[in-house]
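Right, one structure below, let's go through it.
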Amino acid sequence: MPAGIPVLTPDSVPRLWHVARLDFDPVRQRHVLLYPEGAVLLNDTGAAILALCDGNRTVKEIASILGERYQADVSTDVSDYLAQMADRELVRAG
Amino acid sequence: MPDNLPTTLLAELTHRCPLHCPYCSNPLELIRGNAELATEDWKRVFSEARALGVLQLGLSGGEPLLRKDLEDLADHARSVGLYSTLVTSGLGLTRPRAERLKEAGLEHIQISIQDSDAEVAERIAGVRSVKHKQAAAALVRELGFAFTVNVVLHRANLDRVGEIIDMAADLGADRIELANTQYYGWGLKNRAALQPTREQVERSREIAEQAIQRYRGRMQILYVLPDYYEPFPKACYGGWGKLYLVIAPNGSVLPCHGATQITSLSFDNVREHSLEWIWRESDAFQAFRGDGWMKEPCRSCPRKAVDFGGCRCQAFALTGDAANTDPVCTLTPLRRIIDQAVLESAEPETEYEYRYVGGEPARV
């Protein structure tokens, strides 16, 4: 892992890249993450995870909220997804 | 849901510009101010674009700040849900205008920088501009816009790519785009003077790659390769008529900003047709969609799914037939055209022909 990017752990506090924002696209009926010169079409789970990345909650807390919502253990899914987004620099570890 | 939705619209609001950069990708025949679309046309088009699926809007030019209605257009773009980028030289970005743009909901500003060396930067721009750009960058930061520095790379600045990257970081950029010159419009006219040597390209690529790692997490560095030195062509915007559209100042809709040089095509105008019709049905957008138009070696090539035969504009400009394989591709005998141009880059400095709207381009 190169310098400058802290690895996400269960206790990290992820937040969106400060120039990115979540939106809903009524044309595609999909949540989207918009940022300079780019857009990622999100599935519902991805959108739910990113919506909880408010700079206050830890990865563990996000997984626990969604686990309750979906009545399943989603901790691996949540940390894998956030790791991917962090690798693309769209999510930063606080 | 309809397939093939565009994601990005580049709105060239004007061709007028205070800068005269010899690498400009605008066409040689620049559109005059009195032929530009009116405010209400642009607003209608932005609404239509959003309804068609466009998410990202580039407010570009020329210099878009020369449009007095820019704030109004940015406000409308935000109100219909577009993420807008102002693509500017920075000249004319005064505090009142920057504040109004922020209020209008503009999210991202991209400022062009010509070089880290002020003297060379102003020789490229053809005008005193460095102080204005520094002031504009400071405003962009202060007001909290997302901020990109864009630098076109060529023979005269490529050796300073490391300094240029550090300068963008000092200006507080969130991103820097380092785009090796692509030879369209004025850029093609000035190719002999702009083209770097292979050694320059290789050194700068190494420097950029190291900087990408060093700045990771602080500033995003996008390095656009010079296609003349690559074995395969670039995949232009995911293929013709796939994700991207451009509207020229007079309302002509183009699949690519270089497309007007393909004189075998005619382009429909938003004054006469809906954007949706132009995107889905017009001849220009259908011409090279998919792969039915391809000749050999593209037709039977597995790479056609990767690079879509390369750039149609470059194929036309260099071979006279837009349906040819992009001559950058080493799988076509047309590659000799590029190899010849690369050889010419070893020749001594040539003068620039600066870009002007109207009149004869002046030699400075």
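Excluded from the calculations below are hydrogen atoms, water molecules and symmetry mates; all remaining heavy atoms, backbone and side chain alike, are included. A, B, ... follow the sequence lines: proteins, then strands. Residue 1 opens every chain. Everything numeric here is computed off the predicted structure, so don't read it as measured data.
- In Asp44(A), the CG atom is not crowded: 12 or fewer heavy atoms of neighbouring residues, nucleotides or ligands sit closer than 6.0 Å.
- Neither the backbone nor the side chain of Leu57(B) comes within contact range of chain A; no heavy atom of the residue lies under 4.5 Å from a heavy atom of that chain.
- A 6.0 Å sphere centred on CD of Glu103(B) holds no more than 12 heavy atoms belonging to other residues, nucleotides or ligands.
- Checking side-chain atoms of Gln56(B) against main-chain N and O of Leu34(A) turns up no donor-acceptor pair under 3.5 Å.
- More than 12 heavy atoms of other shown residues, nucleotides or ligands fall within 6.0 angstrom of atom CZ in Arg289(B).
- Rounded to the nearest 0.5 angstrom, Gln110(B) CD and Glu37(A) CD are separated by 5.5 Å.
- Top candidate by heavy-atom pairs under 4.5 Å with chain A, chosen from Leu55(B), Thr8(B), Leu52(B), is Leu55(B).
- Annotation for Lys43(B): atom NZ counts as buried by contact number, over 12 foreign heavy atoms lying within 6.0 Å.
- Minimum heavy-atom separation, Asp87(A) to Arg216(B): O-NH2, 3.0 Å.
- Only the side chain of Thr85(B) comes within less than 4.5 Å of a heavy atom of chain A; its backbone N, CA, C and O stay farther away.
- The minimum heavy-atom distance linking Arg88(A) with Gln220(B) is given by the pair O-NE2, 4.1 Å.
- For the atom pair CH2 (Trp17(A)) and CZ (Arg175(B)), the distance works out to 5.5 Å, reported to the nearest 0.5 Å.
- Contact record, Val19(A) with Ala146(B): CG1-CB, 3.2 Å, taken as the closest heavy-atom pair.
- When all heavy atoms of His108(B) and Pro36(A) are compared, the pair lying nearest together is CE1-CB, 3.2 Å.
- Counting all heavy atoms, side chain and backbone alike, Gly217(B) lies closest to Glu89(A) at N-OE1, 3.0 Å.
- Scanning both residues, Pro26(A) and Arg50(B), for their nearest heavy atoms gives CD-NH2, 3.5 Å.
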